[in-house]
There are 2 protein chains.
Amino acid sequence: MIFKKKPIVAFPPKDFYRLDHKMYVATDCIILGYDSNNLKLLLFQRNLEPFKGEWSLIGTFVHLDESLEEASERVLEQTTGLTNIFMEQTFTYGGLKRDPGYRCVSIVRYALIRLDEHDTKLAKEYHAKWFSLDELPNMILDHQQMINDALEILREKAKKQSIGFELLPKKFTLPQFRRLYESIYQKEIDPRNFRKKVLSLDILTKLEEKDKSNSKKGAFLYTFNALKYGKNFASKAGLDF
Amino acid sequence: MIFKKKPIVAFPPKDFYRLDHKMYVATDCIILGYDSNNLKLLLFQRNLEPFKGEWSLIGTFVHLDESLEEASERVLEQTTGLTNIFMEQTFTYGGLKRDPGYRCVSIVRYALIRLDEHDTKLAKEYHAKWFSLDELPNMILDHQQMINDALEILREKAKKQSIGFELLPKKFTLPQFRRLYESIYQKEIDPRNFRKKVLSLDILTKLEEKDKSNSKKGAFLYTFNALKYGKNFASKAGLDF
DNA sequence: TATAATAAATGTAATATTTACATTTAATAA
DNA sequence: TTATTAAATGTAAATATTACATTTATTATA
């Protein structure tokens, strides 16, 4: 067989595994939490060149002895203290010029954490700060794009899976749950319709307790029922609004 | 600031851009076409070690002087002759052991092409063969997983976008269109319901011509109306069945 | 030229889902 | 006791989905 053009990898000639094809492989981590009615994002202020003083996602080079998942989980643990966290890959960014000086592709994953469970001391150490999505600072490189893409994917995910499971505290109120979805979908959701749909999924357990931090009347607390969740969330409609 | 653990990339020490973090970066291409009522996948039989004689997706190393997109488009053009094709990234695979002998991450994109437009001579040259999804051969490495993931993403995509635009010939019949969706969703779709929904989107132009290759009566041919498509497909429901 | 065969084309009623909308209630603070 | 506030709640209309069977156009054949 004769190659008309440059050979491709399905048929690699012996000299194809060449050093000059190697690149840096990084992973960037979009850490999302939910607090006081807003979806928030953990950003880091760099304390070294390049881009010293500027804001960025947290990332790392992927080491040769770890998987992509291990790399992003390492970063997440180092900066939040958390393990066993919901993370999902979004896209890989590999533009020629995306990082000045050296060629580097970056695999992005987003993480959904419970704000009240993360190690704030670590966050401080790493010069990290939580930002509401509507007041993000300028970020380095293509990080804003990464965030936009991740939020779009999160929105799709939220339709099919109760993202609240990951983001809300163990006990939460329906208005809190609703406001989470409002901040994901960036639109108001009618409280009666939200309540109707969520309760119809039959994935929650209502507690006797009330949370009175937001009103005099107080709102009943709920927990997710993992068992019911697994059984009942298969519904086609899910949590689309 | 003192690092308690290994430093991470937001604060890279000078020696961090080290050669030993570099990896091979590949891209694998899932080439999908639609023919005689079946979604089909172009696979390649390797003619060199490693894995000589086995089937695989077509891929390439990403060159230092090209973007990820350019790399996969290069492969697609080399093997099908096609340019300007719908391609979308799925996931990046970077398990430690996914490729024996060297560490390599692979970014996967799928391409939707019109079978009747691709260069069959090239396909032959590259030892390529079209397979129906239900009779795929064993493939090397994690390629089966890549395909499974891509099909899941394609299914979601098909709900929100008329995949037919990319896969069907310029002129097509409604039964043809329906069978495409049946083979994407892997289930039967009621012809009356399909027709009703598709026509309600108002994105097609009905032609006078009939295609009589499948029946004595013949089925009317349609084309996509790109203009209407852009305007009218915003519908929430889309093509979910 | 009549008939058989075949896939294409078509409509409707029942059910389920989504949307829109306003009042009452429980608790606290004044 | 009253005012205030957010939580809780129900219903009707509109829309979307599903289920289902007959007629039609054409060709091939008897």
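The sequence lines fix the lettering, A, B, ..., with proteins before strands; numbering per chain opens at 1.
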Rounding to an integer number of Å, can you tell me how far [X] [atom1] sits from [N] [atom2]?
X: K159(A); N: dT17(C); atom1: NZ; atom2: C1'; result: 15 Å
X: L199(A); N: dT18(C); atom1: CG; atom2: P; result: 15 Å
X: D190(A); N: dA8(D); atom1: CG; atom2: P; result: 14 Å
X: F194(A); N: dT17(C); atom1: CZ; atom2: C1'; result: 17 Å

Give the ring-plane orientation class for F165(B) versus F224(B), where under 30° counts as parallel, over 60° as perpendicular and anything between as tilted.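 Judged by the thresholds at 30° and 60°, the geometry between F165(B) and F224(B) is parallel.
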
Pairs meeting criterion salt bridge (charged side-chain N to carboxylate O under 4.0 Å, His left out) with involvement of residues 168-186 of chain A, two or more places apart: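 For residues 168-186 of chain A, and leaving out neighbouring residues, the salt bridge (charged side-chain N to carboxylate O under 4.0 Å, His left out) pairs sorted by first residue read E117(A)-K170(A), K171(A)-E209(A), R178(A)-E182(A).
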
Flag side-chain contact, heavy atom, 4.5 Å: D190(A) against F241(A):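 They are not in side-chain contact.
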
What residues in residues 169-180 of chain A put a non-hydrogen atom under 4.0 Å from any atom of DNA chain C?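 Hits under 4.0 Å, by residue number: none.
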
Which part of the nucleic acid, if any, lies within reach of N193(B) when heavy atoms closer than 4.0 Å are counted: base, sugar-phosphate only, or nothing?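 Touches a base.
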
Contact summary for H118(A) and A123(A), nearest pair of heavy atoms: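 Between these two residues, the closest heavy atoms are NE2-CB, 4.1 Å.
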
Anything under 3.5 Å between a donor and an acceptor, one on a side chain of residues 140-149 of chain A, the other on a protein residue two or more places apart or in another chain? List them.
unit_1: D142(A); atom_1: OD1; unit_2: R98(A); atom_2: NH2; d: 3.1
unit_1: D142(A); atom_1: OD2; unit_2: R98(A); atom_2: NE; d: 2.7
unit_1: H143(A); atom_1: ND1; unit_2: L57(A); atom_2: N; d: 3.0
unit_1: Q144(A); atom_1: NE2; unit_2: N148(A); atom_2: OD1; d: 3.0
unit_1: Q145(A); atom_1: NE2; unit_2: D149(A); atom_2: OD1; d: 2.9
unit_1: D149(A); atom_1: OD2; unit_2: Y93(A); atom_2: OH; d: 2.5

Looking at K197(A) and dT19(C), is any side-chain donor or acceptor paired with a base atom of the opposite kind under 3.5 Å?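 Between dT19(C) and K197(A), which were checked side chain against base, a qualifying N/O pair under 3.5 Å is absent.
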
With a cut-off of under 6.0 Å to the ring centre and 45° to the axis, is K129(A) in cation-pi contact with F131(A)?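 Yes; both conditions hold, so K129(A) lies above the ring face of F131(A).
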
Sequence neighbours left out, what pairs pass side-chain hydrogen bond (donor to acceptor under 3.5 Å, both in side chains) with at least one residue falling in residues 81-91 of chain A?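 Qualifying pairs: E88(A)-Y110(A), E88(A)-K157(A).
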
For nucleotides 21-30 of chain D, just jot down a letter per nucleotide in 5' to 3' order: B, S or -, based on protein non-hydrogen atoms under 4.0 Å. B--BBBB---

Considering residues at least two apart in sequence or located in another chain, which fulfil the side chain to side chain contact (heavy atoms under 4.5 Å, CB included) criterion with T173(A)?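 For T173(A) the side chain to side chain contact (heavy atoms under 4.5 Å, CB included) partners, ignoring immediate neighbours, are P175(A), Q176(A), D211(A), A219(A), L221(A).
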
